[in-house]
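When a ligand or atom number is given, it counts from 1 through the structure's own listing order. All values reported here derive from a predicted model rather than from experimental measurement.
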Amino acid sequence: MLTDMDDSFQATIDADGRIEPRDAMPDGYRKTLIRQIAQHAHSEIIGMQPEGNWISRAPSLRRKAILMAKVQDEAGHGLYLYAAAETLGVDRADLLDLLHSGRQKYSSIFNYPTLTWADIGAIGWLVDGAAIVNQVPLCRCSYGPYARAMVRVCKEESFHQRQGFEILHTLCNGTEGQKAMAQDALDRWWWPSLMMFGPPDSASTHSEQSMAWGIKRHSNDELRQRFVDMTVPQADVLGLKVPDEGLRYDEESGRYRFTEPDYTELYDVVKGNGPCNQERLAHRVKAHEDGAWVREAAAAYASKQAARKQG
Ligand code: ACO
């Protein structure tokens, strides 16, 4: 039997309206959003590490300033997303505990190492490029606070993607060694970038329900295809070769046919066995512990201010 709550929720979803924090919503909808938004927030802050690794080694002051701004943006994205999750009745501190104890996930992509400066270009171009393809549709997510957070995130991701492309463009127009470094970065980041979109539709546990609720607007495979269609012509502009022997343009559909990534690697990395999982989590836990005094000082200041207002 449908309750009034189910009726009004469903009517909003059917009309492609937005669900707001005080609206009634099914438990499953709330749980799915908390899971996805928390994972997304965790990805943003863990994602600061692979690039942060190159701030002190950026090849020029200009590159360093840009990279610092970019890494700072990722912290900002994490903050919007934790704030969006909190509108669903969870506490940011609890979400961080779940991340630190390995009970909540973050994106597989951030468990790969950044070995050369070209990796910073590849992350901007491919990883932020994939993030844009995945997140632009989330601006139309049925949950209002998540959708609105995504608007600004996507604008910033688009700057990130261009700065990555520009790094690689410079390397590809440099010496032979620099071009080879760019090709090596593409070779290593291509497959993990395809895996960012998640398991194939046939193995995706949440897609069907999330799409019915208007949380996800497209399936994992559809977004992966869009990413390939967008990225291959850009690789051509750079003069780089996508490391997929099966890649070809299909005139009839106007889309690229490509080889699926090895999903056993995705599952393995998600389970904690990627090249940098342990290092990433340990670094995050340490940063959190080292920052305890900042949280304590901020809380003490806030309560002093509140007491002053009352007094
Ligand atoms: N890395 C880690 N875990 C993943 C990945 C991945 N690349 N892809 C899927 N998973 C997990 C899912 O979280 C889910 O696990 P859970 O049931 O324990 O929560 C499981 O694998 C099955 O996958 P799906 O059923 O397809 O999961 P879902 O419907 O949530 O789709 C997706 C996954 C596409 C990542 C979705 O959650 C999403 O769009 N999230 C928002 C975007 C995001 O988080 N981006 C992070 C990287 S971008 C950046 O930070 C720059």
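Proximity of V127 to ligand 1, defined as any heavy-atom pair under 4.0 Å, is not found for any part of the residue. Proximity of Q36 to ligand 1, defined as any heavy-atom pair under 4.0 Å, is confined to the side chain (atoms from C-beta onward).
For atom 20 (C) of ligand 1, the closest non-hydrogen atom of the protein is T205 OG1, 4.3 Å. Remark: minimum distance from atom 10 (N) of ligand 1 to any protein heavy atom is reached at P199 CD, 4.6 Å. Of all protein heavy atoms, the one lying nearest to atom 5 (C) of ligand 1 is G198 CA, 4.3 Å. Looking only at protein heavy atoms, the nearest one to atom 7 (N) of ligand 1 is S108 OG, 3.0 Å. Of the protein's non-hydrogen atoms, the one nearest atom 39 (O) of ligand 1 is N134 ND2, 3.0 Å. Protein heavy atom at the shortest distance from atom 24 (P) of ligand 1 is S204 OG, 3.4 Å. Closest protein heavy atom to atom 4 (C) of ligand 1: V270 CG2, 4.2 Å. Protein heavy atom at the shortest distance from atom 35 (C) of ligand 1 is M196 O, 4.2 Å.
H40 and Y106 share no side-chain donor-acceptor pair at under 3.5 Å. No side-chain donor-acceptor contact under 3.5 Å links Y143 and R18.
A salt bridge does not link K70 to E157: none of the charged nitrogens lies less than 4.0 Å from a carboxylate oxygen. The existence of a salt bridge linking R226 and D229 is excluded, since no basic side-chain nitrogen approaches an acidic carboxylate oxygen closer than 4.0 Å. Salt-bridge check for R255 with E251: failed, with every basic side-chain N at 4.0 Å or more from each acidic carboxylate O.
By the 6.0 Å contact criterion, NE2 on H218 is enclosed, its count of non-hydrogen atoms from other residues, nucleotides or ligands being greater than 12.
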>> One pair to check against side-chain hydrogen bond (donor to acceptor under 3.5 Å, both in side chains): R103 and S101. What are the steps and the verdict?
In response: CA-CA 6 Å; R103 282 175 292 158; S101 58; 2.9 Å; yes
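For the pair N220 (side chain) and P199 (backbone), a donor-acceptor distance under 3.5 Å is present.
Every atom of ligand 1 with a heavy atom of Y106 under 4.0 Å away is listed here by number and element: 1 (N), 2 (C). Shown in contact with M195 at under 4.0 Å from a heavy atom are these atoms of ligand 1, numbered in order with element: 7 (N).
To the nearest 0.5 Å, atoms CZ (F165) and CH2 (W125) are separated by 7.0 Å.
Considering backbone and side-chain N/O atoms, D128 never comes within less than 3.5 Å of an N/O atom of ligand 1. Taking any N or O of S210, backbone or side chain, none lies under 3.5 Å from an N or O belonging to ligand 1. In terms of polar-atom proximity, defined here as any N/O pair under 3.5 Å, Y146 makes no such contact with ligand 1. Residue E74 has no N or O atom closer than 3.5 Å to an N or O atom of ligand 1. Remark: ligand 1 and E157 share no N or O pair separated by less than 3.5 Å (distance only, no angle test).
For atom 32 (C) of ligand 1, the nearest protein heavy atom lies 4.0 Å away or farther.
Residue pairs that meet the side chain to side chain donor-acceptor pair (under 3.5 Å) test with at least one member in residues 19-28, sequence neighbours left out, are E20-R148.
Partners of Y82 by side-chain hydrogen bond (donor to acceptor under 3.5 Å, both in side chains), not counting sequence neighbours, listed by chain and number: H42.
Summarising the geometry of Y112 relative to C276, their closest heavy-atom pair is C-SG, 3.9 Å, with the distance given to 0.1 Å.
Nearest to atom 18 (O) of ligand 1 by heavy atom, out of Q135, K105, H40, is K105.
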